[in-house]
Amino acid sequence: MRVSMATSAGKAGQPNEDFAGAVPGAAVLLDGAGIPGTESICSHGVAWYTHRLGGALLGRLSRDDGRDLAAILAATIDEVAADHRRTCDITNPGSPQATVLIVRAHRGRLDHLLLADSYLVLDQVRGGPQVITDEREVTARRICAAPLDGVPRGTPAYDRIRDSCVEALRARRNQPGGYWIAKDDPHAAEEAVTGSLPLRDLNSVALLSNGASRIVSPYGLTDWPGVLELLGAHGPADVIRRVRQAEARAAGGPDARVPDDATVAHCTHLPPS
């Protein structure tokens, strides 16, 4: 399996909290959650967490033993939690955390795992691309933000309600009925979205962090088939370049978004079944 990757920090001079890497037959992509105040909770920071978790995942995947992906992730979350449990308040809701996306070619199949809102695009031989993501955080965020509807921005009432919405969202993290993310609790891995497809049914596979997926939504520069065409013609860096151009055009306007770390991994030449 050939894997090409590109990544870009959202802000110059700031750590890139995304991580992507590959070993023969497997690739991972993590998107760290940059929560304000994390530095006072964990001295290591979000970028440290994503790189430590991603590297440990690759180490386990390199063994190529076919172990269940959720079990691999659970063991890795536990391992990294142990690395900083004594020095950091890892149970705090704001401690470092990350989305996780894993793909692995094994015994003629492509196994996948998603925890939180990264994007997996399966370039199918027939039927067009299949896009898989974990929408539970988006759903929880929409529910928690509902009290802000109609409240004028910049008012004391807006700030007060926003703070309560943030607390409500935190309360749903890694809880039944809420959403799940890699943090300190290995049981979160049991809630991941998983699946498997025959390799013979796939041309390629793309992994995108939330920041890179902006090329489709909200910017609408292309659709998911178009993303695969761009990757095939110009590679992952071109997807990120277009996102950055759209962010620059929108800067200062009503649709402006804070630039986010953006990462893409494109897996081609999948091993034969």
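One hydrophobic cluster, built from ILVMFWY side chains closer than 4.5 Å, cannot hold both Val121 and Leu29; they sit in different ones. In the hydrophobic clustering of ILVMFWY residues, with side-chain heavy atoms under 4.5 Å counting as a link, Leu207 and Leu202 come out together. Follow the hydrophobic side-chain contacts under 4.5 Å out from Leu197 and you never reach Leu69; the two are in separate clusters. The hydrophobic clustering, which links ILVMFWY residues whose side-chain heavy atoms are closer than 4.5 Å, places Ile72 and Leu30 together. By the criterion of side-chain heavy atoms lying less than 4.5 angstrom apart, applied directly or through intervening Ile, Leu, Val, Met, Phe, Trp or Tyr residues, Val205 is not grouped with Leu228; the two fall into different hydrophobic clusters.
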Working for side-chain contact (heavy atoms from CB on, under 4.5 Å), residues Arg173 and Trp180: CA-CA 6 Å; Arg173 186 178 298 134; Trp180 302 85; over 6 Å; no
Trace of the side-chain contact (heavy atoms from CB on, under 4.5 Å) decision for Leu53 with Val28: CA-CA 10 Å; Leu53 186 67; Val28 303; over 6 Å; no
Residue pair Gln124, Asn203: steps toward the side-chain contact (heavy atoms from CB on, under 4.5 Å) verdict: CA-CA 6 Å; Gln124 301 180 109; Asn203 293 313; over 6 Å; no
Pair Ile132-Tyr119, side-chain contact (heavy atoms from CB on, under 4.5 Å): steps then yes or no: CA-CA 6 Å; Ile132 303 172; Tyr119 287 80; over 6 Å; no
From CA spacing to verdict: salt bridge (Lys or Arg N to Asp or Glu O under 4.0 Å), Arg60, Glu79: CA-CA 11 Å; Arg60 293 176 184 272; Glu79 174 188 335; 2.8 Å; yes
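Look at Arg214 and Glu247 and you find a salt bridge, because one of the NZ, NE, NH1 or NH2 atoms lies within 4.0 Å of a carboxylate O, short of that distance. In summary, Asp201 and Arg126 do not engage in a salt bridge, as defined by a charged side-chain N under 4.0 Å from a carboxylate O. A salt bridge is absent between Asp65 and Arg67: the closest approach of a Lys/Arg side-chain nitrogen to an acidic carboxylate oxygen does not fall below 4.0 angstrom.
For the atom pair Asp68 CG and Asp111 CG, the distance stands at 8.5 Å (nearest 0.5 Å). With values rounded to the nearest 0.5 angstrom, Thr155 atom OG1 is found 9.5 Å from Arg162 atom CZ. If you take CZ on Phe19 and CE on Met5, they are separated by 8.0 Å, rounding to the nearest 0.5 Å. A distance of 10.5 Å separates CD of Gln97 from CD of Glu17, quoted to the nearest 0.5 Å. Taking CG of Leu57 as the start and CZ of Arg52 as the end, the distance is 12.5 Å to the nearest 0.5 Å. To the nearest 0.5 Å, the span separating OG1 on Thr139 from OH on Tyr179 amounts to 12.0 Å.
Between Asp18 and the choices Ser118, Ser209, Ser8, the side chain to side chain donor-acceptor pair (under 3.5 Å) rule is met once, by Ser209. Evaluated for a side-chain contact (heavy atoms from CB on, under 4.5 Å) with Val227, the options Asp123, Thr222, Val131 yield exactly one hit, Thr222.
Looking only at side-chain heavy atoms (C-beta outward), Asp78 and Arg85 come within less than 4.5 Å of each other. Side chains of Leu122 and Trp224 form no contact here, defined as non-hydrogen atoms less than 4.5 Å apart. The closest side-chain heavy-atom distance from Asp163 to Tyr158 is not below 4.5 Å. At least one side-chain heavy atom of His266 sits under 4.5 Å from a side-chain heavy atom of Ser204. Leu230 has its side chain within reach of Arg242: a pair of non-hydrogen atoms, C-beta onward, lies under 4.5 Å apart. Taking 4.5 Å as the limit, some side-chain heavy atom of Ile102 sits within range of a side-chain heavy atom of Val100. You'll find the side chain of Arg141 stays beyond 4.5 Å of the side chain of Val138, heavy atoms only. Between Val264 and Ile240 the shortest side-chain heavy-atom distance falls below 4.5 Å.
Of all non-hydrogen atoms in Val243 and Gly211, the two that sit nearest each other are CG1-O, 3.7 Å. Closest of all the heavy-atom pairs between Cys42 and Pro96 is CB-CD, 3.5 Å. Pairing each heavy atom of Met1 with each of Ala26, the nearest pair is CE-N, 3.3 Å. Contact detail for Ala116 and Asp134: the closest heavy-atom pair is N-OD2, 3.1 Å. Closest heavy-atom contact between Ala47 and Pro15: CB-CB, 3.9 Å. Here the shortest heavy-atom pairing between Cys144 and Cys165 reads O-SG, 2.9 Å.
Side-chain atoms of Asp31 and Asn210 form no donor-acceptor pair, as typed in the model, at a separation below 3.5 Å. Between the side chains of Ser196 and Arg109, at least one donor N or O sits under 3.5 Å from an acceptor N or O.
The environment of CZ in Arg244 is crowded: more than 12 heavy-atom neighbours from other residues, nucleotides or ligands sit within 6.0 Å. At most 12 non-hydrogen atoms from other residues, nucleotides or ligands lie less than 6.0 angstrom from CD of Glu135.
A distance-only check finds a donor-acceptor pair linking the side chain of Asp261 to the backbone of Gly10 [under 3.5 Å]. Remark: the backbone N or O of Ala188 is not paired with any side-chain donor or acceptor of Lys183 at under 3.5 angstrom. Looking only at distances, a side-chain donor or acceptor of Ser95 sits under 3.5 Å from a matching main-chain atom of Ile90.
The aromatic rings of Tyr49 and His84 are tilted relative to each other, their planes meeting at an angle between 30° and 60°.
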